[in-house]
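Below is one structure; the comments refer to it alone.
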Amino acid sequence: MRRTGSSTGFFLVLLAGLFLAGGAVAQAPTAEEKTRGLMGIKTRVEAGTTAEAAQAVPAVAARRVALVIGMSAYTAISPLRNTGADAQAVADMLQRLDFSVDLVVDAPLARMQDTIVAFARKTETAEVALVYYAGHGVEAAGENYLVPVDVKVDDPATIPQQAVSLASVLASVESARKLRIVILDSCRNNPFPTLVGAAAASGVTLGGAGLSAPDPAQGMMVVYAAEGGKVALDGDGAHSPFATAILESLPRQNVEIGLVFRQVRDRVMALTANRQQPHFYGSLSGAPYFLAGEDAAVAGLADKAAQWQALKPDQEQQLAALAGEGDTRAMIGLGYMALTPDTQKFQPEKAFGLFSRAAEAGDAEAMFELAKLHEKGIGTAQNVPEAIRLYRRAADLGFADAINDLGFLYYQGADGLARDPKKAVELFIRAADLRHPQAMFNVAALIDDGLVPGRTPEDAAAYLYSALRSGVNDVLEQLTTRPTMFKPATRRALQAELQRNRFYAGAIDGAIGAGTQRSMRIAFGQTE
């Protein structure tokens with residue numbers, strides 16, 4: 001294995017026969033032996049890529065999808081006055097922001113479940129996925145549930161069968177490529193007050209006010225109208241205070257999404273005389289994003305650092321203010337900006353300091369970026385053992401990039417880290433299972449070469465399909481320009497996977513012809 005420079009970063013080259021069963025290492029192959037070029041598996045850290053050079057120009061629809069749910073006309077529990085109007089107004093606002101919106105008002109359980117399943121499929125090729133829910137919510141047996149209008153609960157133990165779990169809603173957005181947000185205006189009083197005694201008698205824990213704190217995946221933000229366990233207000237106007245703040249703040253032009261939700265919080269507190277404070281759980285993705293205004297164009301830059309570096313001076317000042325309040329995402333953004341290729345503004349020591357502050361606050365992405373600076377000696381003296389320590393800390397927190405890069409370091413060996421190809425493969429699989437695009441592609445290749453015991457061509461195809469759906473151009477390019485790089489069994493399994501997901505209707509023959517390539521482009525999200 002070696003790293004080679006390219007326009008898309010370092011490439012992993014898997015040499016035929018390099019791994020043996022059980023992780024033993026064979027003799028290095030000769031130059032004449034066949035090699036297979038895989039996706040970039042080690043993240044580079046350089047200051048030479050301009051924003052213009054990083055422009056992404058695939059023929060892919062820049063898709064924003066939203067699911068808006070309003071539950072008002074409950075039949076067996078107390079109805080809610082303005083949730084239906086809140087949902088309709090939010091749906092209209094999101095449509096004006098170029099979202100494709102699915103609006104569900106006063107739906108029974110079955111329709112609500114079907115809608116969430118269908119929405120989850122849409123998010124797989126979406127740039128942004130957003131869910132807004134206004135209605136009753138309840139915590140039962142340690143889980144959060146959103147309550148449909150046809151709920152009729154006599155026994156608290158049946159709540160999970162009559163409501164939609166918040167976990168399923170969070171899962172519906174987690175595949176979106178850039179931004180994943182779930183907004184819940186459901187922190188009203190317990191809708192089942194008469195069941196509290198029955199719950200205690202049956203041993204089912206029933207939350208009293210609002211929902212408990214969620215546990216969102218990496219790069220997902222969950223916004224509660226009020227802090228977990230506390231009650232949100234309906235208000236006296238046409239919309240709740242929280243919905244009013246959402247309707248006012250999200251459409252603001254050229255306001256970065258992190259600041260948008262700070263403005264939502266401040267507006268709700270002003271409208272309620274500080275009686276209600278929205279609460280945020282999880283984190284936004286590491287790249288800047290704008291819902292409205294000309295600055296929305298920064299989302300078209302392929303490189304995260306270039307996106308931050310494209311921000312305007314006044315936006316940098318806004319980030320600095322947020323960083324001063326302890327916002328680690330703002331610190332990371334400023335760190336990326338300090339690594340600009342503009343030699344007049346290049347400040348690696350400043351980036352090192354910002355990443356260090358965010359890492360000390362427990363941010364996994366900051367640990368990963370700080371590790372890269374230590375590894376390369378940028379902004380600080382080179383210190384590979386410290387880089388490895390930081391990669392491990394970020395990996396322990398589930399940061400897929402760190403897991404993937406740590407796998408590379410285990411494969412090649414490093415200062416203070418003995419080579420361990422078997423451990424490397426385990427890490428690559430772990431990163432792939434967290435939907436790291438390059439790792440998914442590489443693991444498919446490892447399986448295809450028989451280097452992952454117990455895995456089948458169908459497993460390889462599942463990873464390839466997921467990598468394809470992730471929206472990374474290199475995945476599509478490799479699969480369409482080098483169709484025979486995988487063995488026939490894996491190619492047939494990929495066709496079957498595309499067929500199972502209704503993208504392909506041709507023969508399962510392993511021949512990656514025009515029909516299969518077209519189906520891969522559609523699965524990727526390209527428009528015809």
Side-chain angles (χ1 to χ4, degrees), residues 67-91 103-113 115-116 131-166 168-169 182-202 204-214 223-246 268 271-272 275-279:
L67 173 59
V68 178
I69 303 172
M71 297 292 171
S72 176
Y74 290 95
T75 56
I77 59 176
S78 60
L80 294 171
R81 185 174 63 84
N82 54 17
T83 47
D86 290 346
Q88 183 65 63
V90 169
L103 174 63
V104 178
V105 176
D106 291 337
L109 175 63
R111 183 184 169 203
M112 196 172 172
Q113 290 173 326
T115 300
I116 291 170
V131 174
Y132 173 86
Y133 173 81
H136 278 307
V138 66
E139 177 196 352
E143 294 287 337
N144 291 321
Y145 294 92
L146 310 184
V147 182
V149 292
D150 62 343
V151 69
K152 189 173 182 180
V153 178
D154 297 319
D155 180 355
T158 66
I159 290 176
Q161 288 76 50
Q162 296 197 50
V164 172
S165 71
L166 176 58
S168 69
V169 176
V182 175
I183 303 172
L184 299 173
D185 193 359
S186 57
C187 305
R188 294 166 171 83
N189 285 325
N190 174 21
F192 307 110
T194 61
L195 296 182
V196 173
S202 65
V204 177
T205 303
L206 194 63
L211 302 177
S212 62
V223 184
Y224 277 13
E227 188 174 359
K230 296 187 179 180
V231 177
L233 303 175
D234 266 333
D236 299 321
H239 301 295
S240 73
F242 182 67
T244 298
I246 291 290
V268 171
L271 288 170
T272 63
R275 289 180 294 162
Q276 178 180 332
Q277 179 175 337
H279 205 75

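The shown structure was predicted, so the numbers you read here are calculated from the model rather than taken from an experiment.
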Among Leu67, Leu184, Leu146, which residue meets the side-chain contact (heavy atoms from CB on, under 4.5 Å) test with Val169?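 Considering Leu67, Leu184, Leu146, a side-chain contact (heavy atoms from CB on, under 4.5 Å) with Val169 is found only for Leu146.
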In chain order, what residues pass the side-chain contact (heavy atoms from CB on, under 4.5 Å) check against Thr75, with sequence neighbours excluded?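 Applying side-chain contact (heavy atoms from CB on, under 4.5 Å) to Thr75 gives none.
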Kindly write out the residues that satisfy side-chain contact (heavy atoms from CB on, under 4.5 Å) with Ala85, not counting sequence neighbours, or none if the list is empty.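 With neighbours one apart ignored, the set is His239.
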Main chain of [Y], side chain of [X]: is a donor-acceptor contact present, judged purely on distance under 3.5 Å?
X: Glu143; Y: Ser165; result: no
X: Thr83; Y: Met71; result: yes
X: Tyr74; Y: His136; result: yes

Evaluate the criterion side chain to side chain contact (heavy atoms under 4.5 Å, CB included) for residue pair Asp185 and Tyr132; output intermediate values, then yes/no. CA-CA 8 Å; Asp185 193 359; Tyr132 173 86; 3.8 Å; yes
For a quick test of your reading: what N or O donor-acceptor pairs under 3.5 Å do the side chains of residues 104-111 make, sequence neighbours left out?
| residue | atom | partner | partner atom | Å |
| --- | --- | --- | --- | --- |
| Asp106 | OD1 | Ser72 | N | 2.7 |
| Asp106 | OD1 | Ala73 | N | 3.0 |

Show the nearest heavy-atom pair for residues Val268 and Phe242, with the distance to one decimal.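 It is CG2-CA, 3.8 Å.
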Residue pair Ala163 / Tyr145: nearest heavy atoms and the distance that separates them: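 So the two residues come closest at CB-CB, 3.7 Å.
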For Gln277, check side chain to side chain donor-acceptor pair (under 3.5 Å) against everything at least two apart and list the hits.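 Expected list: none.
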Test side chain to side chain donor-acceptor pair (under 3.5 Å) applied to Gln113 - qualifying residues, sequence neighbours left out: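 Partners of Gln113 by the side chain to side chain donor-acceptor pair (under 3.5 Å) criterion come out as none, since no residue qualifies.
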Quick one: CZ on Arg275 to CG on Leu233, what's the gap to the nearest 0.5 Å?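 Taking CZ in Arg275 and CG in Leu233, the distance rounds to 5.0 Å.
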